[in-house]
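When reading the values below, keep in mind they use all heavy atoms of this one structure, side chains included, and skip hydrogens, waters and symmetry mates. Each chain gets a letter, A, B and so on, in the order its sequence line appears, and its residues count up from 1. In this text, all values refer to a predicted model and were calculated from it rather than measured experimentally.
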Amino acid sequence: MMKFMLLFSRQGKVRLQQWYSATQEKEKKKIMRELITIILARKPKMCSFLEWKEYKIVYKRYASLYFCCAIEKGDNELLTLEIIHRYVELLDKYFGSETTKKNFLKAIPAQDFFQEETSKKNCLKAIAAQDLLQEEADATRNVLEEMGLP
Amino acid sequence: MSQLLEKLTMPAPAKLRDLIRQIRSVRTQAEERAVIEKECASIRGMFRDEDNTYRCRNVAKLLYIHMLGYPAHFGQLECLKLIASPRFTDKRIGYLGAALLLDERQDVHLLVTNSLKNDLNHNTQFVVGLALGTLGNICSVEMSRDLAGEVEKLLKSSNAYIKKKAALCAVRIIRKVPELMEMFLPATKNLLNEKNHGVLLTAVCLITEMCDKSPDALAHFRKQNKMVPQLVRILKNLIMAGYSPEHDVSGVSDPFLQVRILRLLRLLGKNDSDASEAMNDILAQVATNTETTKNVGNSILYETVLTIMDIKSESGLRVLAVNILGRFLLNNDKNIRYVALNSLLKTVQTDLNAVQRHRSTIVDCLKDPDISIRKRAMELSFALVNSNNVRGMMKELIFFLEKADPIFKVDCTSNICIAADKYAPNKRWHIDTMLKVLSTAGSYVRDDVIAHMISLVSEASSLQAYTVQHLFRAIQEDITQQPLVQVASWCVGEYGDLLMSGQVEEEEPLQVTEDEVLDTLEKIMNSSGSSAVTKSFTLTAVMKLSTRFTQTIPRIQALMDQFGSSVDMELQQRSVEFAKLFKSYDHMRSGLLERMPPLDAKVGSKGEGEANTNGETTAVSPPASPAVKQEEGNALLDLLGGGPSPAPVIPQVEKPAAPPAASNDLLGDLLGLDLSSPAAGPAPMVPGMSAPQPQVDMLGGLMDGVTPQPAVQMSANNLGIPSLIAYEKNGLKIEFSFQKDNSNANVVIITLTATNSTDTPMDEFVFQAAVPKTFQLQLQSPSGSVVPASNMGVVTQVIKILNPQKAPIRMRIKLTYNYKGNNVNDMGEVNSFPAALWQ
């Protein structure tokens, strides 16, 4: 099982962090700092996997963003690479040509989706439907606001 | 009215998008902090005002701020309010916030439970979905117990969307509260009949988790005869079904589901022959039919190989698996090579022959640019060395050693040593290899390897000339590698005469004069790069040369005098004593410094090696320890004691039978200790006294401090009393070795040696002993309080027991130490002391 997932830029700024187990804030920060340093120091020719503490870390670079997952010893690293790729494709499709950096809010639930849903289409459908629901609600609200009612 | 006006005129809080834009436009960290603080202040103000309209926007901004690493706990209650709101937008952000901010360590965590309960029964599937998702993320033990029933109900819902979310939530709940597993068992039966891949995937996840956590569940699923065939069928459909655009990833249909199923099959088939048999076919099919051109295909193959290795598969299947791994090794993608090497490491224990076939590929990987691959290849290569391929492998490994990173060198040298020891075709090759290792990675060689090398040379009498020539040449060029210098100077000292005689088979003899040899040795002694240990080695070597060389004795004498005033205590002591030998005991010099008989060489696992034993079993490790003085005295004593022993291997040194006997007492008197040892004649091997062992010990004693070995050998004074294992439990072994005190026959000196064969050091090690009232016990300070792991070092301690009544010795011992963070206490009794001690 995936323990956590990090997205960070080439400068080392964290764009997204998703933790799948309860960890202290301090711990989280420490882990992130360490990992980011290690991964940014890797040369391009090196392996995408590394062993760190009791996890295996799988990372991949897309343009200027690093996607990094921590999996348990028993998990399949190659498959994790595929999962990362799927995720990137999903985000790409959903946000179109816009870079993913600005829409993190939607990115997080999208991530939960891909863990369960192997069909890209269904995934996107679900997110779209939720958005629709939200928009409908929003539309109603805006009208009301226009009319001056809270 | 005025309120309304107010609301209309107040500017709306910034949208999240604007905030993000603002933050990204600042240049410095300080500016960013300022922006964020300002925003936080405004958000906090708005929260205080209980503003419903923009709450979700504010919380959204807060979540972004939290993600950047700033504190956001003041938003927790707001998330609760959002969740309770009927609007979907609010709920969405609220649940998101809860998932991010409200893990189980927060105080307000439990307040979410009620909202969750309501939302789990909501009409809209998306709301239910949100609730399930968040519950899965943040569930605590209490929350799980409260809501497990609802989740179970939802597992049976007809809505696929809800079903799969419920399944994942169940996985999390089971992880938190394993006892709840039984509640979910019945529902799983039907889950596998679904067509929807999402449901299938999550169902397999759920079952895997159950089997993982509970062997009962595992047995249950195995017994359900339908499970394995069902899984096999699903897998088959996946592979056989044509192209399905929905689930396709680069030509493979739904690899995620495939891998998950394989994983579950692995769990089910482990140690169960029936289940394994049922899967054999499908595994073979997957292994042969999957596309290997893309990473996806390879990931499935990898999982298949792992499964084949774990279950009780037939041998043909296993060979297939190893071949797949071999193919991986040839792949261009370094990730795949890495994965293959890793898996091969695991399988090499069981399927050695199959892996041997790929040996050449593995050896090639030693030259890979990626360091992790090189490391794995090195480990694997060592596992594959056997008597057939040892020559070729060693060549490759030594080549690897030259280029290797320092972190590898230590392990590599030790492993080469072990492998060479096990499989060396002949002595000459063995010595050659060791010479190469020493000169290539001289500074990284472990102490036990040094000792082993020395003992090797002393055994191989025909090759001593050859070895000493090579070593001398090596140190002429380079004196910085300490282990190399140590071995070389020991050899030069021992076999200096062979160096002079210039008789070496098959090689050009080295023409060197005595002065040149002394030049080199002197250089080593004066160099600041040489360690204290090295200098001690060299000093002794120079001294030994005084009997081997003929022309340069005055020079040697001068050298000794020079070091008599050295700052290092060890050197000073040695040189003073050696100088004294020249002056007053010149007649015994040759006897003392004669050739050593073959040392007992044994290299066990890394870190063990007994060849270099100490004559004294007192303080072993630091050369400059206070016990050294006594050691030195005893060592010289042993020298004399061992002098008259028969050593037919060494022809050139005369053995004066009578004078040593006299000199024994002379020196004994001088040093104020009276020797109770019998001056044995050359022929009869009196046990303990004149066995070759003591001779080992004496020069070993002079080489003390080099190797803190678990010394098991007897000391020359012990009259042949065997040592005793006093305590052996949990990897800790304590050995007692005995000697009688020479000044008082009623005193027994016990030296205890503690070793640790586990892989974690034991620290704060304290040994206590108690004896019956008729005895008096004196416990001296131990050499240390940490027993290093894997027998890499020892802790020694001296116990003196006064036994005036000559009664059988009995002792109670108590040990305390810290092991892996736990305090360990243990007691024991030692009753089987050898009777010779008090008779």
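Taking a cutoff of 4.0 Å between a charged side-chain nitrogen and a carboxylate oxygen, R263(B) and E72(A) do not qualify as a salt bridge.
Counting heavy atoms of neighbouring residues, nucleotides and ligands inside a 6.0 Å radius, atom NZ of K30(A) does not exceed 12 of them. A 6.0 Å sphere centred on NZ of K73(A) holds more than 12 heavy atoms belonging to other residues, nucleotides or ligands. In this structure, K294(B) places its NZ atom where only 12 or fewer heavy-atom neighbours from other residues, nucleotides or ligands lie under 6.0 Å away. Residue R55(B) places its CZ atom among more than 12 non-hydrogen atoms of other residues, nucleotides or ligands, all under 6.0 Å distant.
Here E82(A) pairs with nothing under the salt bridge (Lys or Arg N to Asp or Glu O under 4.0 Å) rule; sequence neighbours left out. Here H66(B) pairs with nothing under the ring-ring contact (aromatic ring centres under 6.0 Å, His included) rule; sequence neighbours left out.
Within the 4.5 angstrom heavy-atom criterion, no atom of K43(A) approaches chain B. With a threshold of 4.5 angstrom between heavy atoms, D310(B) does not approach chain A through any atom at all.
The greatest number of non-hydrogen atom pairs below 4.5 Å with chain A, out of Q125(B), R175(B), R337(B), is found for R175(B). In terms of heavy-atom pairs under 4.5 Å with chain B, the best-connected choice from E77(A), H85(A), M32(A) is E77(A). Heavy-atom pairs under 4.5 Å with chain B peak, among V14(A), V58(A), D75(A), at D75(A). Ranking R376(B), K91(B), E209(B) against chain A, the residue ahead of the rest is R376(B), based on heavy-atom pairs under 4.5 Å.
Side chains of S299(B) and N76(A): a donor-acceptor N/O pair is absent below 3.5 angstrom, by distance only.
Among all heavy-atom pairs drawn from V339(B) and F49(A), the shortest one is CG2-CE1, 3.7 Å. Pairing each heavy atom of M46(A) with each of K334(B), the nearest pair is O-CE, 2.9 Å.
For the atom pair I336(B) CD1 and C47(A) SG, the distance stands at 10.0 Å (nearest 0.5 Å). Between the NZ atom in K56(A) and the CG atom in N342(B) there is a gap of 6.5 Å [rounded to 0.5 Å]. Interatomic distance, CG of L81(A) versus CG of N298(B), reported as 11.0 Å (0.5 Å rounding).
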Original post:
Given E51(A) and K375(B), is the salt bridge (charged side-chain N to carboxylate O under 4.0 Å, His left out) satisfied, shown in steps?
Top reply: CA-CA 12 Å; E51(A) 280 172 24; K375(B) 176 155 181 261; over 6 Å; no
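A 4.5 Å side-chain heavy-atom check between L79(A) and Y302(B) finds every atom pair outside the cut-off.
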